[in-house]
Amino acid sequence: MNETQDLEKERVRQRMEELRRQIHYHNYRYYVLDSPVISDAEYDRLMRELIELEQRYPEFITPDSPTQRVGGMPAEQFEKVPHPAPILSLANAMNIEELRAWRERVKRLLPAGIPLAYVVEPKIDGLTVVLHYENGIFVRGATRGDGLVGEDVTANLRTIHSLPLRIPPHDAGIAPPPRLVVRGEAYMPVSKFHEFNRRQMETGGQVFANPRNAAAGSVRQLDPSITASRPLSLFTYAIVTAEGITIRTQWETLEYLRRMGFPVFAEAARFEDAQFEELEKYCQEWAEKRDTLDYEIDGLVVKIDDLETQARLGVVGNSPRGSIAFKFPAREATTKLLDVGINVGRTGTLNPYAILEPVQISGATIRKATLHNFDEIARLDVRIGDTVIVRRAGEVIPEIVGPIVDLRTGNERPIEVPTHCPVCGEPVVRRPGEVAIYCINAACPAQLVRHVEHFVSQGAMDIVGFGSRLAELFVEQGLIKDVADIYYLKKEDLLKLEGFGEKKADNLLRAIEESKNRPLQRLIVALGIPGVGSVVAGILADHFRSIDRLASAAEEELQQLEGIGPETARSIVEYFQRPRHREILEKLRRAGVRMAEEVPAERPAAGPLAGKTFVITGTLPHMTREEATALIEAAGGKVASSVSSKTDYLLVGEAPGGTKYNKARELGIPMIDEAELLRMLGKEPAE
DNA sequence: GATCCTCGAGTTCG
DNA sequence: CTCGAGGATC
């Protein structure tokens, strides 16, 4: 009887081993190769069978069982793990010239005649990990730590699905070495990072500044069940120890890792020394496609392929000479938040901005960054004195991503919400349900300056040569007390001002004179009615065709217009009710500013682009965006500011912004360039 | 009432 | 370019 039982048990044990083997293999197909060969349901069935058997026969559970990815108890603290070989840091090449200099240095150090080759791999912005395997089983995983000793995060790393718990994951016809130590990078895919942060925000959990921090924070969790809920992934790229096998080159290393079932960059490339120009081109290409990847890379690693040659080149300082990091221009940097300043906007909003210790990001020195509003400050929990991560949104406008809380000294000062306008000193108000804080003093000089700036700006009355500097000067000198005063500036007054000569005064006065004949739409924009920008102004101009008819319109009539709702209608009526505003209008009329459209603007209903909606991104080669907009509208098309399912074409120029481009790609919206647009219009593409 | 879309407002450096 | 909020639509 005993014997039959033993036999039965042995059969179960074998079945469990078979299940583990199969699950490891399918796991590998799914997470490493990204090409599953069975359905999710079938995979689940295998997994359920294994779990069931393990519950009935716990004595047969092995540490490499796929069910053991999530398991283990929360740790008190991490054990220390000495690394078999120190993890060095790489020297950086900031541009192609420095990369060439590295190659020359390497060649100088080596005896002539040694054939050289290079392997180039993407440098993932994640967390370096060291993985130990004994007889093919994953036994220990450590963080980089200080490079000599890391922290034992085995239980956490187990939860990463692309990390093989057993190698090779299928019968590759090769036996695993008795001991194998590999190095890799754990990271969070960019798409998963955004999704994860969104969820965290909804549930009030911790939000991470970037995928790198998210990966590091997730791997260094004391409770592995938390790590298991984080969408982490892995790439491996180096072998530290491999007992019983000989690997001569980096290229062979990648080959071997791949055969053993590790996730390895498919994009790594090998170049002979004679192909160095191609290597350079390869580096440039990567810099360009950086945004299209689902993992953040901060550069590429260029290694001498031959490992013995690498070793021969030795180490200088803490960096091996045989490899170098080709760094892309940084998009993020850390710096100190020195202070917070406040701007007062045209509408009276108080807008806080950060004053930063100057820092270089993608070729520009950043000294200031917007903080948007005080809710944003609270959300980020930034304080004066904090070390903060700064990024250029869309490669242009600096923004604070968040503070690095770990670097706080305790001397940081919270940012106070102002109760009074920093310019005029009047108390501020906060409207219920709104984020912004307002200075409602109609006579606040800051608001007047902003109003004048807006009035003369390109989209409004477009007075060339009149900018923010002059706006401030005239207000300060008392020459301008409302926007209509612009048309009453006298030459003798201008000449009294510093920096004004005969010619400059004449030029300015001529520009002001010219602006009197702008279309009605521009005048409406220039008034600065809250909620009325160029689009709404266009609707109003088309419908009313004169300021007087607009000024006497009732709320109900306004609301009838498409695109104008109760809020905007109320705002318009309120504007024209104010005696102060009526006065300004009269003053403008007396100055000779055009107040009506003689001929109603005919919008062509038909045309080659009738009914089509375009969105423009990037810089066009031969025309401005305004010119392109005019062309499209003249042909009956529309230009919108953001991509949605209603967009027909995305007009793509040089250096397109990521958001519009990616959204359009997601939605499968056709993309055209300038030449294509001109062809659609039946025109010859520009030379 | 929810959801998608569009508009307005503010924004930095060289 | 990004954000918030108003407007349109179901």
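Proteins get letters first, then strands, A, B, ... in listed order; numbering begins at 1 in each.
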Legend entry - A:Leu550 side, atom CG; A:Ile524 side, atom CD1 - distance, nearest 0.5 Å: 5.0 Å
Legend entry - Short side-chain N/O contact from A:Thr347 to OP1 or OP2 of B:dG8, under 4.0 Å: no
Legend entry - Separation of B:dC7 C1' from A:Leu561 CG (nearest whole Å): 16 Å
Inset, instruction - List the atom of A:Ile669, the atom of A:Ser644, and the distance in Å for their closest heavy-atom pair. - result: CD1-O, 3.4 Å
Legend entry - cation_pi(A:Lys504, A:Phe500) dist<6.0 Å, angle<=45: yes
Inset, instruction - Between A:Glu562 and A:His372, name the one whose nearest nucleotide on DNA chain C is closer to the 5' end. - result: A:His372
Inset, instruction - Using atom CD of A:Gln560 as one end and atom C1' of C:dG7 as the other, report the distance to the nearest whole Å. - result: 14 Å
Legend entry - d(CD1, A:Ile400; P, C:dC3) in whole Å: 14 Å
Inset, instruction - Ignoring the backbone of A:Val536, work out which of B:dG8, B:dA9, C:dA8 is nearest its side chain. - result: B:dG8
Inset, instruction - Rounded off to whole Å, could you give me the CG-to-P distance for the A:Leu527 and B:dA9 pair? - result: 12 Å
Inset, instruction - Using whole Å, report how far NE2 of A:His194 lies from C1' of C:dT2. - result: 14 Å
Inset, instruction - Using a strict cut-off of less than 4.0 Å between a Lys/Arg side-chain nitrogen and an Asp/Glu carboxylate oxygen, indicate whether A:Arg594 and A:Glu597 qualify as a salt bridge. - result: yes
Inset, instruction - Could you please name the option among B:dA9, C:dC1, B:dC13 that lies closest to any side-chain atom of A:Arg346? - result: B:dA9
Legend entry - Separation between CD of A:Glu399 and CD1 of A:Ile389, rounded to the nearest 0.5 Å: 11.5 Å
Inset, instruction - Look at the side chain of A:Thr568 and decide which nucleotide, out of B:dT12, C:dG6, B:dC5, has an atom nearest to it. - result: C:dG6
Inset, instruction - Take the protein atom CD1 of A:Ile572 and the nucleotide atom P of B:dC7, then report the distance between them rounded to whole Å. - result: 15 Å
Inset, instruction - Find which nucleotide of DNA chain C each of A:Ile616 and A:Ala569 is nearest to by heavy atoms, and output the residue with the more 5' nucleotide. - result: A:Ile616
Inset, instruction - For A:Val390 and A:Pro398, work out which heavy atoms get closest and say how close. - result: CG1-CB, 4.4 Å
Inset, instruction - Among B:dC13, B:dT6, B:dG8, find the nucleotide with the atom closest to the side chain of A:Lys368. - result: B:dC13
Inset, instruction - Please state whether the phosphate of B:dC5, meaning OP1 or OP2, lies under 4.0 angstrom from any side-chain nitrogen or oxygen of A:Ser645. - result: yes
Inset, instruction - When you get a sec, tell me which of B:dT11, C:dG7, B:dT6 is the closest nucleotide to the side chain of A:Asn343? - result: B:dT11
Inset, instruction - By nearest nucleotide on DNA chain B, pick out whichever of A:Thr613 and A:Ile529 is the more 5' one. - result: A:Thr613
Inset, instruction - Ignoring the backbone of A:Tyr353, work out which of B:dA9, B:dT12, B:dT6 is nearest its side chain. - result: B:dT12
Legend entry - A:Glu412 versus A:Leu407, closest heavy-atom pair with distance: OE2-O, 4.4 Å
Inset, instruction - Return no unless some side-chain N or O of A:Arg367 is found under 4.0 Å from OP1 or OP2 of B:dT12. - result: no
Legend entry - Short side-chain N/O contact from A:Asn351 to OP1 or OP2 of B:dA9, under 4.0 Å: no
Legend entry - Shortest side-chain distance from A:Ser534, nucleotide among B:dG8, B:dC5, B:dT12: B:dG8
Inset, instruction - Could you tell me the separation between the CG atom of A:Asn373 and the P atom of B:dG8, rounded to a whole number of Å? - result: 20 Å
Legend entry - Distance below 4.0 Å between A:Ser644 side-chain N/O and B:dT6 OP1 or OP2: yes
Inset, instruction - Report yes if at least one side-chain N or O of A:Thr647 is closer than 4.0 Å to OP1 or OP2 of B:dC5; otherwise report no. - result: no
Inset, instruction - Keeping the roles fixed (side chain from A:Arg549, backbone from A:Phe544), state whether a donor-acceptor pair exists under 3.5 Å. - result: yes
Legend entry - Ranges pairing with ranges for DNA chain B, where each run has three or more Watson-Crick or G-U pairs under 3.5 Å: B:1-10 with C:1-10
Legend entry - Closest to side chain of A:Thr349, choosing from B:dG8, B:dG10, B:dC5: B:dG10
Legend entry - Shortest side-chain distance from A:Lys646, nucleotide among B:dG14, B:dT6, C:dG6: B:dT6
Inset, instruction - Find the distance A:Glu567:CD to C:dA8:P and express it as a whole number of Å. - result: 12 Å
Inset, instruction - State whether A:Arg570 and A:Glu574 are salt-bridged, where the test is any N-O pair (Lys NZ or Arg NE/NH1/NH2 against Asp/Glu carboxylate O) under 4.0 Å. - result: yes
